[in-house]
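So you know, we letter chains A, B, ... as the sequences are listed, proteins then strands, and number each from 1.
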2 protein chains.
Amino acid sequence: MHDLLKGKEKVLQVAIKLFSAKGFKGTSIRDIAQAMNMSISNIYHYFGNKEGVLLAILEHSSRRLIDELRKISEMDLDPLDRFKLLIKTHIELSGSYKKEIKIFFLDEEHLSAEGEEINNQIQRDILEIHCNVLRALNEAGYMDCKSITIMAFNILGTINWYLRWYRSKGPLSAEDVTKEVVSFILYGVLGNKKESIISEPR
Amino acid sequence: MHDLLKGKEKVLQVAIKLFSAKGFKGTSIRDIAQAMNMSISNIYHYFGNKEGVLLAILEHSSRRLIDELRKISEMDLDPLDRFKLLIKTHIELSGSYKKEIKIFFLDEEHLSAEGEEINNQIQRDILEIHCNVLRALNEAGYMDCKSITIMAFNILGTINWYLRWYRSKGPLSAEDVTKEVVSFILYGVLGNKKESIISEPR
DNA sequence: CCAATTACATATCGATCGTTCGATACTAAA
DNA sequence: TTTAGTATCGAACGATCGATATGTAATTGG
């Protein structure tokens, strides 16, 4: 047993890498098998079919992110502090699930009805968490917007796009970049009530 | 000639629809040919290969968007007004190129070196236009940020995400949704200098 | 009107795809 | 030691893929 990961777990690791790099349709079962010196049929033994691999990735990786974010959304904090923490955590956590998230939002198209349902549920869960936190923010008078949902979409767009373009190359440190993105979202959300901000989020 | 569009032009129309719906890898030349009752070989006669179809779409559709945006970015206006106009136009124009833009940002992965270069150039052009407008905004003291580029990315993320989720179904009119998105971007960009905003952009 | 170019079609190629089958090796309980 | 389940494999299936070779009809410029 000279491999750190074995069987099922390793398939997922390799598949995450390949799916995120070449897309779902762009990656064949053979690609995955070859990249880890495993037989094709063995992957089918584990996951049933190709989509099974994708769904396993989705469930496996999204669960952790969603649980973490939900925990924050239920914290007993000042609405603004909770919101800041949520955004910051979402960005930072997403950093470690970068590849997986790229898969979430890249391959929604070519799934079966069942797969699409699972994928939609994930996105709905994440959106709802943000909506809840935003709603509290709104009711506490920190912001004033016509549609909480639109605001949540704007936030997710900014975060997910950040995952696309960020390549630890530029002049700023990862931390500074995060701070800039968080700040953009913060001011965008608070809008004309920006006086609510006493101090920058650290 | 019972068809409104003929030949090359019609291939592009059909390909845009299919690529945006099922992805580049998820759409076969046969799909395109069948959807318009044309022979496979004829598409090859027009575009050389499958990627040729994609590149034709890219060049054809991005050119108009880029030209339009660049025109605005070079207008002799107050920096803030120019910025507002740019965002508003970008969102509205993107609305009509929705499918095409989905293709731009969905299929960057599976292109040849040449195709990737073209695609990158398009994205660089769009980014640069926004950077230029932002820079003027910054120099005029309307905003104060560490990185113009990050700001531009944030804007593009919000806009492109909007194209993903918007489905003329919700309670708000398309116009109102646009206004909300523009407002989010505006406040996000202006940050702690929001007093620069006198009146909402219509 | 005729030659040349363009617009299209049929038929087919070899490669690759997702998937399945049938067989072995290993492992742990009985 | 038998047995049952789990992990793994090689070989092959039919379908579909991108691409091409070889044509014929239509259009057009001189």
B:K22 atom NZ is separated from D:dT16 atom P, nearest whole Å, by 12 Å
Note to self: I'd like to know if the side chain of B:D125 pairs up with that of B:Q121 as donor and acceptor (distance under 3.5 Å, no hydrogens or angles considered).
What the structure shows: yes
Here the distance between atom C1' of C:dA7 and atom CE of B:M38, to the nearest Å, is 8 Å
| said: Between A:E92 and A:K88, does any NZ, NE, NH1 or NH2 come within less than 4.0 Å of an OD or OE carboxylate oxygen? | reply: yes
Between CD of B:Q34 and P of C:dT10 the distance, given in whole Å, is 13 Å
For the pair A:F153 and B:W165, name the ring-plane relationship: parallel under 30°, tilted 30 to 60°, perpendicular over 60°.
-> parallel
A:K8 NZ to D:dA7 P, in whole Å, measures 8 Å
When rounded to whole Å, the CZ to C1' distance for the pair A:R30 and D:dC9 reads 14 Å
Verdict with supporting geometry, B:Y187 and A:Y187, ring-ring contact (aromatic ring centres under 6.0 Å, His included): CA-CA 6 Å; B:Y187 282 110; A:Y187 283 109; 9.4 Å; no
Heavy atoms, side chains only, cut-off 4.5 Å: are A:V177 and A:Y162 in contact? yes
Numerically ordered, the residues 40-50 of chain A set in heavy-atom contact under 4.0 Å with DNA chain C is A:I40, A:S41, A:Y44, A:N49, A:K50
Rounded to whole Å, the NZ-P distance (A:K25 to D:dT16) equals 12 Å
note: A:E51, atom CD; C:dC17, atom C1'; distance rounded to Å ~ 16 Å
Q. Does the side chain of A:N138 come under 3.5 Å of the side chain of A:R135 through a donor N or O and an acceptor N or O?
A. no
note: A:I29, atom CD1; D:dC9, atom P; distance rounded to Å ~ 14 Å
